[in-house]
Protein chains: 2
Amino acid sequence: MSTTGSADEPRWLDDDERTTWLSLAGVVTLLPAALDAQLQRDAGLSHFEYMVLAMLSERPSRTARMSELAGLAHGSLSRLSHVARRLEEQGFLARRACPEDGRVTNAVLTDAGYAKVVATAPGHVAAVRHLVFDALTSAQRRQLRTIGDRILGQVNPDGSCAG
Amino acid sequence: MSTTGSADEPRWLDDDERTTWLSLAGVVTLLPAALDAQLQRDAGLSHFEYMVLAMLSERPSRTARMSELAGLAHGSLSRLSHVARRLEEQGFLARRACPEDGRVTNAVLTDAGYAKVVATAPGHVAAVRHLVFDALTSAQRRQLRTIGDRILGQVNPDGSCAG
DNA sequence: CGTGAATGGTTGAAGCCTCAAGTCAGCACG
DNA sequence: CGTGCTGACTTGAGGCTTCAACCATTCACG
């Protein structure tokens, strides 16, 4: 495969880019799986479910509208809707019609949901620390933040979320 | 939430770590979704299916045993087995019993499968370049490689893959 | 040799996500 | 008012992944 980069022949990744990409591909595949495994084993939650509860727990009144919450958890509205039904059945959150705008649904974290987050967070934080931060110097941590923001800017330009 | 770090009270993430983690969490959630979308739209393949075909295409004789291929594609053996059946139905790969070890199945990329990779790679590479490398300086690219390898070392210590 | 353990892979069921379609509320305009 | 349009969300079907159970083969070791 050439590296000339003509019009219909795309610029291939050079060796360095290729290795970097394989490494990143491994991370984006395996890291979510590892976090899901820890949460599933210790709390019976998927990473997405945990994100939903955790994001809600940091909101004023532990409340957010569905579409906003979907963005915070980096998922589609449809996905959130399905997950919200399951979490509601388990008593971790409640959905209420918004009095100001009849189209809007507000998701509210229940006391049981808040307790679940409090019980689950330490193990999850420990996993994140072990899998990500323990292997990095503080300089690398700063670099990672910048790099992550840059990539996120490309992947998700308007900060919201497709669905 | 305190930051004392006693025995049963875990060390919480400080503000900087927390922001870094939210950024990385966004990347590991949204980047695979974006790549899946491009591949699905332009080639009718999932990112995992593409990885399977692409990894095979770079092997001598375009052949690998199933468990080895699962590791290369960062998936479980079960997942690969299901995917291999679908790819086989589409004529992109074939499975043969290994003559040397009756337990082993070898996956072989067919000519149609190789052609599919050749046809699909340019668009995929362009997506990776746009989503990842276009936003980074060459220094950041080098940093990303190191950081990715470090994290991968924690997530996947023995280089193989859970299944 | 022969038996038990370990390895490599496949399968079926159950659950989750995506996609497209549908519902209902607000808004604009005649 | 009422007609059409957009926005917010829900729902159902279909496909993919996971999990556990299973089958076949090889290896270890009396």
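Predicted, not measured: the structure shown is a model, and the values here were computed from it. The chains referred to below are lettered A, B, ... by the order of the sequence lines, with proteins before strands, and numbering in each begins at 1.
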> Is there a side-chain contact between A/Thr110 and A/Glu88 (heavy atoms, below 4.5 Å)?
Replying inline: no
>> Using a strict threshold of under 4.0 Å (side-chain N to carboxylate O), is an ion pair present between A/Lys116 and A/Glu49?
In response: no
>> If you count every heavy atom of other residues, nucleotides or ligands that lies below 6.0 Å from B/Arg18 atom CZ, does the total exceed 12?
In response: no
> Ignoring hydrogens and angles, are the base of C/dG12 and the side chain of B/His82 linked by a donor-acceptor pair under 3.5 Å?
Replying inline: yes
>> In this structure, how many angstroms lie between the P atom of C/dC16 and the NE2 atom of A/His47, rounded?
In response: 16 Å
> Atom CD of A/Gln40 to atom C1' of D/dT17: distance rounded to whole Å?
Replying inline: 13 Å
> Between C/dC17, C/dT10, D/dT17, which nucleotide gets closest to the side-chain atoms of B/Arg79?
Replying inline: D/dT17
> Does OP1 or OP2 of C/dA6 have a side-chain N or O of B/Arg103 closer than 4.0 Å?
Replying inline: no
> Counting only side-chain N and O atoms of B/Ser67, is one of them less than 4.0 Å from OP1 or OP2 of C/dT7?
Replying inline: no
> Which nucleotide sits closest to the side chain of A/Leu77: D/dT10, C/dA6, D/dT17?
Replying inline: D/dT10
> Among D/dT17, C/dC17, C/dG9, which is the nearest nucleotide to the side chain of B/Phe48?
Replying inline: D/dT17
>> Mind checking if A/Arg86 touches a base, just sugar-phosphate, or nothing, with heavy atoms under 4.0 Å?
In response: sugar-phosphate
> Reckon A/Ser81 touches a base, only the sugar-phosphate, or nothing at all at heavy-atom distances under 4.0 Å?
Replying inline: base
>> Please report the distance, rounded to the nearest Å, between NE2 in A/His74 and P in C/dC17.
In response: 15 Å
> So do A/Leu45 and A/Leu53 actually touch side chain to side chain, heavy atoms under 4.5 Å?
Replying inline: yes
>> Is there, by distance only and without an angle test, a donor paired with an acceptor across the side chain of B/Ser78 and the base of C/dT11 below 3.5 Å?
In response: yes
> Do the side chains of A/Leu31 and A/His47 get nearer than 4.5 Å, heavy atoms only?
Replying inline: no
>> On DNA chain C, compare the nucleotides closest to A/Glu49 and A/Pro99; which residue's is nearer the 5' end?
In response: A/Glu49
> Is it true that atom CZ of B/Arg85 has more than 12 heavy atoms of other residues, nucleotides or ligands lying nearer than 6.0 Å?
Replying inline: yes
>> Closest approach to the side chain of A/Ser76, judged atom by atom: which nucleotide of D/dT10, C/dG9, C/dT18 is it?
In response: C/dT18
>> Nearest 0.5 angstrom please: B/Ile147 CD1 to A/Leu144 CG, how far?
In response: 5.0 Å
> Going by number, which of residues 55-66 of chain A have a non-hydrogen atom under 4.0 Å from DNA chain D?
Replying inline: A/Arg65, A/Met66
